[in-house]
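Bear in mind that the values here come from a model prediction, so they are computed numbers and not experimental data. Only this structure's heavy atoms are used, side chains among them; waters, hydrogens and symmetry mates stay out. Numbered from 1 within each chain, the chains take letters A, B, ... in sequence-line order.
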Amino acid sequence: MRILVVDDTEAVLLLISRFVEALGHVAIPARDGGEAIRVWREARPDLVLMDMMMPVVSGPEAAATIKSEAGETWVPIVFVTGIGEESRLAEAIEQGADDYINKPVNLRVLEAKLKAFQRTLELNRKVREQSAKLADYYARAEEEKRVVQHLMEQMVNAERLSDAQLEYWLSPAESLSGDMIAAARTPGQVLHLMLADGIGHGLTAALNVLPLTQPFYSMTEKGYAIPDILIEMSKKVRQVLPVGRFVAVVLIAIDEAGGCVEVWNGGMPTVLAAGDDGQVCHRWRSRHLPLGITPTQDIDVRTERYYFAAPGSVVVYSDGLTEARRGDGQSFGIDRLLEVLQQPVPARLGALQGALEGHMAGAAHHDDISLVLAHFGARLRKTVEPAGGASFDLAAFLGNAELAWRYGLQLGAAELKYINTVPFMMSFVNEIDALAAHQSDVFLMLSELFANALDHGLLHLDPALKQQADGMERYLAARQAGLAALESGSIDIELAGLRADGRDVLRVRVRDSGTGFDRPRTAGQPGTGLALVQALCEQLIFPGSGNEAIAYYSLNPLPVTA
Amino acid sequence: MLPLFYFQDKVMGNMSPTVQVEGQVGRVVLSGQFDFSAHREFRQVCETLIADPAVKEVLVDFQNVNYLDSSALGMLLLLKEKIGAVNKSLALVNCRDTVKQVLEIACFGKIFTIR
């Protein structure tokens, strides 16, 4: 140790200095309190041995200065006191001195005390080092958290969650959530909803759910269906997560126009559909392993559909909600959630938050909590105003029109089995400026005309089947079987931009290699797909034997968005 | 009355797994709360069984487990991977209702032998 020895008596100063040096320390001498302060400032010794009564500046005064200047660093100050200095000594110790030794100095005691201080100083140094290291770690962790939080916010995209059809609540156990809620709409206005729960909570849980966002948003925007998105998500998760890490996921598609809720539940609590009357009308139990566990090709991407006849809400939550445990071990449980559903729809979320708050009674929940209420059935079918408003003379336009651009595609039987044609074409539609504002309409027209060509032209499915009770499931099963067995045939799709007199018209042509039908299918039944197309476009015609459909859609003026 | 697990959590602290080997069967007996805090000890006891050439089958015994979370599921997946790599078999046994529910929601019955 480097020891500052302060004494105005030369003999004592010399004696203590020599002794200290004999013990292997370095002695730095000073002859009064003022000098002691100056030397301390220059040499920064580890310990101070100081006389109390000194000229210029007394021991206690010098000690107070040294202590205040040392700040965080601990500099032990030991007073060397003569008889009669007890009252000042008590004061000095109160002001921060660490110990004292009586005069005349017992060298054996001094040695012992120095040893004790050395041990404590060493300990002190270690603690300071460790706490500095901890502070470093902490600062770094905070910075990392800040970055991930920002990333999460960017990726989760709260803007899209402010959908009138949605209410949600997310309450992380730590500053980062391992639960993620995401929502987006397909070009056909189907609402896609994702609730994901990464293993654990905090940073690593948050990292687990990040790979899901990109496929969810980009594929939904292109109009892909839940099974396609799941496969892509699984690929991403398998690619980036180590063994033992996985993400429980619920994917939901709410198709207001089709009156259908489609759910895939992999490892999340049972998803409920509750009518406005508060009765649970459908349950989707977890039927699949969470993503990240099984290889992508082994994943069962089949969804379960529920066709609703009355309005209600889909209720989806993470286990952090029902398992929220308060001090006495009581969990929040499912019954309290079901009770909340008895409230009128607009009051449900608030009632649930209130119920949980009441249950926890101020205690913190240990896992991330998330809940989404997605309402359905408010409008049973998208109503579409005939396009264009004041109609124009299409025949005259076509007589003058020149072809601005054309995009064609032919798919054979083998390709039809695996190419998801409409989303594939939508990536082109998104690139054409003139079409950008009409994505939703173009998607609907393409989907309906393509489905018409495939289902009826090539697969000869009976459209009447859809109208029967549970007919939709049978219809979809028949389509799947038909597609699997399809050996020949093709579908031609062509999009073309026609231009004349500053007006733009989109021509959509879909032709199948089937035999068509005798009488022109000018309009479907009200409420069917073709009626929707007809309402959207200027004209829909079926030339030839009925295996071809052509729709003319006016690109200006812009459609009034609902 | 407070549920039993409350006292176990408070009094017994976190679980510490024990190992029993009978012939070719190695049994990991867990107790209390099986979550991330059990991570290191669980890995250690499992590694002794994996390294033991006499053990052909590993049983994870949930007899005294009242709660498990998603990190526990992750640990089981890791164990399954390691056991598979040395050609031993693995089963989850004596699951109580609460544990069974968690395993069911995660659909772990599809990839684990549960009995």
Side-chain angles (χ1 to χ4, degrees), chain A residues 173-174 178-179 196-202 204-205 208-209 241-250 264-271 283-295 298-300 317-320 322-331 333-334 363 365-368, chain B residues 1-12 14 32-40 42-43 46-47 50 60 65-86 90 92 97-114:
Chain A
E174 295 171 17
D179 284 3
D197 184 353
I199 176 172
H201 33 89
T204 50
N208 285 343
V209 296
L241 293 189
V243 177
R245 290 277 168 177
F246 57 83
V247 190
V249 177
V250 163
W264 188 91
N265 184 348
M268 290 289 280
T270 301
V271 176
R283 286 186 161 85
W284 290 270
R285 289 183 37 222
S286 162
R287 301 238 180 255
H288 309 280
L289 283 157
L291 292 182
I293 297 174
T294 24
D298 298 341
I299 287 187
D300 178 358
Y317 56 92
S318 66
D319 55 4
T322 44
E323 281 174 17
R325 220 190 284 162
R326 65 182 184 203
D328 64 3
Q330 270 272 320
S331 303
I334 182 82
H365 49 80
H366 69 293
D367 196 1
D368 304 320
Chain B
M1 199 184 80
L2 297 173
L4 185 61
F5 63 72
Y6 174 75
F7 289 109
Q8 283 180 340
D9 285 354
K10 298 287 172 198
V11 179
M12 293 164 56
N14 284 314
Q33 200 156 320
F34 188 29
D35 59 18
F36 191 74
S37 59
H39 186 256
R40 202 175 336 144
F42 180 71
R43 199 185 55 202
C46 289
E47 260 156 25
I50 289 166
V60 180
V65 173
N66 47 56
Y67 173 81
L68 80 166
D69 71 353
S70 58
S71 327
L73 299 179
M75 289 185 249
L76 292 176
L77 284 174
L78 266 175
L79 176 64
K80 179 175 180 278
E81 174 107 346
K82 285 183 187 158
I83 297 259
V86 291
L90 173 67
L92 314 181
D97 281 353
T98 43
V99 170
K100 213 174 255 174
Q101 262 172 26
V102 175
L103 293 174
E104 248 166 42
I105 287 176
C107 290
F108 266 36
K110 293 188 181 193
I111 48 170
F112 282 95
T113 309
I114 299 176

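Residue-environment remark: CD (Glu47(B)) exceeds the threshold of 12 foreign heavy atoms within 6.0 Å. A 6.0 Å sphere centred on NZ of Lys82(B) holds more than 12 heavy atoms belonging to other residues, nucleotides or ligands. Surrounding CG of Asp298(A) are more than 12 heavy atoms belonging to other residues, nucleotides or ligands, all under 6.0 Å away.
Residue Tyr67(B) touches chain A through its side chain alone, counting heavy-atom pairs closer than 4.5 Å.
Across every non-hydrogen atom of Ala106(B) and Pro290(A), the tightest pair is O-CD, 3.2 Å.
Distance CE/Met75(B) to CD1/Ile199(A): 8.0 Å, rounded to 0.5 Å. Taking NZ from Lys80(B) and CD1 from Ile293(A), the interatomic distance works out to 9.0 Å, rounded to the nearest 0.5 Å.
In terms of non-hydrogen atom pairs under 4.5 Å with chain B, the most contact-rich of Arg285(A), His288(A), Arg245(A) is His288(A).
Under the rule for a side chain to side chain contact (heavy atoms under 4.5 Å, CB included), the partners of Thr98(B) that lie at least two apart in sequence or sit in another chain are Arg96(B). Among residues two or more places apart in sequence or in another chain, the side chain to side chain contact (heavy atoms under 4.5 Å, CB included) test is passed with Ile83(B) by Ile50(B), Val58(B), Leu79(B), Lys88(B), Leu90(B).
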| query | Would Ile111(B) and Leu289(A) satisfy side chain to side chain contact (heavy atoms under 4.5 Å, CB included), going step by step from the backbone distance to the final call? | reply | CA-CA 9 Å; Ile111(B) 48 170; Leu289(A) 283 157; 3.7 Å; yes
